[in-house]
Amino acid sequence: MEINHNHQRQRFTAFVDDREVSLSYNLEDHLMNIIKVEVPVELRGQGLAEKITLHAFEHAKREGYKIIPTCPYVRDKFLKEHHEFDNLLN
């Protein structure tokens with residue numbers, strides 16, 4: 001899955017079977033507030049939300065950002081399975 005980053009729109013996107021998977025965030029003062037991960041219903045259960053979220057977290061790590069996990073998926077599922085990113089949380 002090729003993931004693209006649109007800095008201006010503050011979104012990561014990927015296309016799977018011509019359907020868009022996305023992660024939206026707001027960035028201010030090195031704080032990356034992940035507000036939404038969207039996966040079309042017919043593509044759920046394939047680990048796509050995890051893949052795009054991992055990509056966003058790796059980006060934040062490289063850039064020295066701290067993360068605010070506003071998105072319920074990130075806060076309630078992803079972070080419970082990926083403690084390697086605990087140090088990035090604001």
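Every value quoted in this text rests on a predicted model; they were computed, and no experiment measured them.
Hydrophobic clustering places Phe85 together with Met32 (ILVMFWY residues linked when any side-chain heavy atoms are closer than 4.5 Å, directly or through intermediates). By the rule that hydrophobic residues join a cluster once side-chain heavy atoms approach within less than 4.5 Å of another member, Leu54 and Ile3 end up as members of one cluster. Cluster annotation: Leu31 and Leu79 are assigned to distinct hydrophobic clusters (Ile/Leu/Val/Met/Phe/Trp/Tyr, side-chain heavy-atom contacts under 4.5 Å, transitive).
Across all non-hydrogen atoms, the minimal contact from Glu20 to Pro40 is O-CD, 3.3 Å. Minimum interatomic distance between Met1 and Leu48 (heavy atoms only, all atoms of both residues): SD-CD2, 3.6 Å. Of all the heavy atoms in Arg11 and Ser24, the pair that sits closest is CG-OG, 3.6 Å.
With hydrogens and angles disregarded, no donor-acceptor distance shorter than 3.5 Å links the side chain of Lys66 to the backbone of Asn33.
Relative orientation of the Tyr65 and His59 rings is perpendicular, given thresholds of 30° and 60° on the angle between their planes.
Atoms CD1 and CG, from Ile35 and Asn26 in turn, are 4.5 Å apart once rounded to the nearest 0.5 Å. Note: Leu23 CG to Lys51 NZ = 15.5 Å, rounded to the nearest 0.5 Å. The CZ atom of Arg75 sits 12.0 Å away from atom CG of Leu89, with the distance rounded to the nearest 0.5 Å. Rounded to the nearest 0.5 Å, atoms CZ (Phe78) and CD1 (Ile52) are 11.5 Å apart. Atom CD of residue Glu50 and atom CD of residue Glu81 lie 6.0 Å apart, to the nearest 0.5 angstrom. Here Phe12 contributes atom CZ and His7 contributes atom NE2; the two are 7.5 Å apart, rounded to the nearest 0.5 Å.
Looking at heavy atoms from C-beta onward, Tyr25 lies out of side-chain contact with Ile67 at the 4.5 angstrom threshold. Looking only at side-chain heavy atoms (C-beta outward), Thr13 and Ser22 come within less than 4.5 Å of each other. With a 4.5 Å cut-off on side-chain heavy atoms, Arg44 and Val41 count as touching.
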Worked verdict on Tyr73 versus Ile34 for side-chain contact (heavy atoms from CB on, under 4.5 Å): CA-CA 10 Å; Tyr73 165 78; Ile34 300 178; over 6 Å; no
Would you please test Lys61 and Glu84 for salt bridge (charged side-chain N to carboxylate O under 4.0 Å, His left out) and show each step? CA-CA 11 Å; Lys61 185 177 179 179; Glu84 69 269 26; over 6 Å; no
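Counting heavy-atom neighbours within 6.0 Å of Glu28 CD, excluding the residue itself, gives a total of 12 or less.
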